[in-house]
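Report on one structure; see the data block that follows.
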2 protein chains.
Amino acid sequence: MKYGIACFPSKPLQDKANRLRKRYDTHYSKIPPHITLKPPYTVEESEWKVKRNHIRTIAAHTPPFPVTAYKVDTFHPKENKIFFKIKQHETLQSLYEALNEDKSQKEKAEFTPHITIGQDLQDDEHFDVLGRLNMKDIHYEETIDRIHWLYQLEDGTWTVYETFLLGKEE
Amino acid sequence: MKYGIACFPSKPLQDKANRLRKRYDTHYSKIPPHITLKPPYTVEESEWKVKRNHIRTIAAHTPPFPVTAYKVDTFHPKENKIFFKIKQHETLQSLYEALNEDKSQKEKAEFTPHITIGQDLQDDEHFDVLGRLNMKDIHYEETIDRIHWLYQLEDGTWTVYETFLLGKEE
């Protein structure tokens with residue numbers, strides 16, 4: 001089964017993101033606005049429990065951390081993906097590295113925390129949307145105190161399987 | 001903010017439901033296939049913590065319970081809603097009653113656990129779909145060991161806020 005790990009920003013920031021995603025993001029109906037902490041990966045049923053406990057341990061040893069969305073940016077030319085860029089933070093980076101031990105040092109160093117608001121647009125529309133959004137001020141600051149382990153259904157939609165509170169040895 | 005409480009059936013049952021929901025359920029993109037345990041209700045920010053701890057306590061005192069989806073049914077004429085009917089179970093009924101203390105005895109007694117697969121269809125299509133689905137055998141049996149507390153965004157989509165494991169004093 002395909003799993004992923006993400007955190008959800010607050011309702012006001014999610015509402016802001018969804019007003020844009022509705023029009024510009026092909027994944028709008030697949031998952032609520034989120035910051036990906038571990039991209040889709042496969043977990044066999046036999047390893048499920050070990051993997052789950054591992055995430056739980058990582059979460060318990062990670063304090064809540066601040067999330068600041070401060071600008072609109074794009075992954076172009078690598079990908080036509082528009083997003084709210086999240087200010088890098090030591091705790092967020094360590095959390096990402098702990099959850100993605102299987103990745104190379106280079107991949108881990110290149111982590112760009114973001115909330116996607118548009119993807120799969122043609123170049124013309126991509127730059128048009130980006131240009132218009134870049135003229136607006138974006139500033140949200142909040143604290144993330146939980147992460148979510150999700151699995152993917154065959155139609156590409158995601159269901160939350162479990163929530164892990166940060167910094168809590170439950 | 002609007003909250004709700006639900007449990008998600010297993011991926012195979014969710015996949016089965018979503019193949020139908022995609023075509024027949026106007027709420028398909030709002031939330032994954034689920035069994036509603038408490039319909040949308042408002043929680044003020046000041047009561048948030050008490051409400052959260054209350055659900056946590058109820059979950060801790062509820063053992064995991066079996067869920068059996070055994071037929072396709074409808075709420076017509078009350079509502080054109082088609083669903084997988086879930087066999088009533090003492091634990092599920094008690095859980096529902098505990099989570100809905102604010103409701104009348106009558107409302108609590110009328111709880112019909114279900115997974116919606118179609119809604120808001122015109123009478124013609126409603127009965128056509130119902131007739132076709134009724135000819136097929138439906139039988140899923142599984143165990144639910146967690147419930148989810150969700151909140152609603154302004155566009156009607158739902159985000160899981162927290163998962164509570166059943167029967168676990170964490």
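So you know, we letter chains A, B, ... as the sequences are listed, proteins then strands, and number each from 1. Fair warning: this is a prediction, and the values are worked out from it, not measured in the lab.
Put simply, the residue from B:Leu37, B:Ile5, B:Thr163 that forms a side-chain contact (heavy atoms from CB on, under 4.5 Å) with B:Trp149 is B:Ile5.
For chain B, no part of A:Pro12 is nearby; none of its heavy atoms comes within less than 4.5 Å. For B:Tyr28, the part lying near chain A is the side chain, with the backbone staying farther off; criterion is any non-hydrogen pair under 4.5 Å. Interface residue B:Thr157: only side-chain heavy atoms are found under 4.5 Å from chain A.
Here the straight-line distance linking atom OG1 of A:Thr91 with atom CG of A:Leu166 works out to 9.5 Å at 0.5 Å rounding.
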Evaluation steps, ring pair (Phe, Tyr, Trp, His ring centres under 6.0 Å), between A:Tyr151 and A:Trp48: CA-CA 12 Å; A:Tyr151 61 87; A:Trp48 175 87; over 10 Å; no
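A salt bridge links B:Arg19 with A:Glu154; the closest basic N to acidic carboxylate O contact falls under 4.0 Å.
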